[in-house]
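What follows is a set of notes on a single structure, which appears directly below.
Residue numbers start at 1 and run along the sequence shown. In each ligand, atom 1 is the first atom listed, and ligand 1 is the first ligand listed.
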Amino acid sequence: MNLLVLHGPNLNLLGKREPEVYGSLTLEEINRSITDLATELGCQVTFYQSNSEGGLIDAIQGAGDSCDGILINPAAYTHTSIAIRDALSSVRLPFVEVHLSNIHSREKFRHISLMVPLAVGQICGFGRESYLLGLRALFSHIKSAT
Ligand code: DQA
């Protein structure tokens, strides 16, 4: 099973960026934990981070041919990007949306996700653990569907 892990804008700054909200781990440290869990589960993960909407859309379109599912933290694009939602809808791959912070306990504009109606589900509020729970959930979902 091949899974694409997508990180949206500003997540490259993790570790330095608002640590009281997003924690002190870097993106590299989070990716390392995801790789360790993927090895344990027996799946392959590919990582991509972009600060641009187009970069994320190109990665989603590319995954359509090569991946079985997507684990995505669309970051601020969660709340704004119809284009990323359309890309996810076009490739028809199962995806799980994750967030480090609990977007539902923050500003009102973060309560809306344009992607989540298409997602298998959403996990938020657990820091690095959101990604690990999301990976387990996506893996089980794909396993049970095949
Ligand atoms: C985030 C939450 C978003 O609202 C925010 O714009 C981010 C990170 C999270 O992981 O908690 O950049 O997706």
Atom 5 (C) of ligand 1: nearest protein contact (heavy atom, Å): Arg110 NH1, 3.3 Å

Protein residue, atom and distance nearest to atom 9 (C) of ligand 1, heavy-atom basis: Leu100 N, 3.4 Å

Transitive ILVMFWY side-chain link Val98 to Ile103, under 4.5 Å: no

Cationic N near anionic O, under 4.0 Å, Arg110 to Glu107: yes

Glu29 atom CD, over 12 foreign heavy atoms within 6.0 Å: yes

Full working for side-chain contact (heavy atoms from CB on, under 4.5 Å) between Phe126 and Leu133: CA-CA 9 Å; Phe126 298 97; Leu133 291 166; 4.2 Å; yes

His7 and its side chain to side chain donor-acceptor pair (under 3.5 Å) partner, picked from Asn73, Asn31, Asn51, Asn12: Asn31

Sub-4.0 Å heavy-atom approach of Asn10 to ligand 1: no

Numbered atoms of ligand 1 (with element) below 4.0 Å of Arg17, judged on heavy atoms: 7 (C), 12 (O)

Min N/O separation Ser101 to ligand 1 under 3.5 Å: yes

Exam field: side chain Arg128 to backbone Ile30, donor-acceptor pair closer than 3.5 Å: no

Atoms in ligand 1 flagged as close to His79, the criterion being non-hydrogen separation under 4.0 Å: 3 (C), 4 (O)

Closest protein heavy atom (residue, atom, distance) for atom 1 (C) of ligand 1: His99 ND1, 3.7 Å

Sidechain N-carboxylate O distance under 4.0 Å for Arg136, Glu129: no

Ile103 near ligand 1 by a heavy-atom separation under 4.0 Å: yes

Distance-only N or O hit between ligand 1 and Ala76, under 3.5 Å: yes

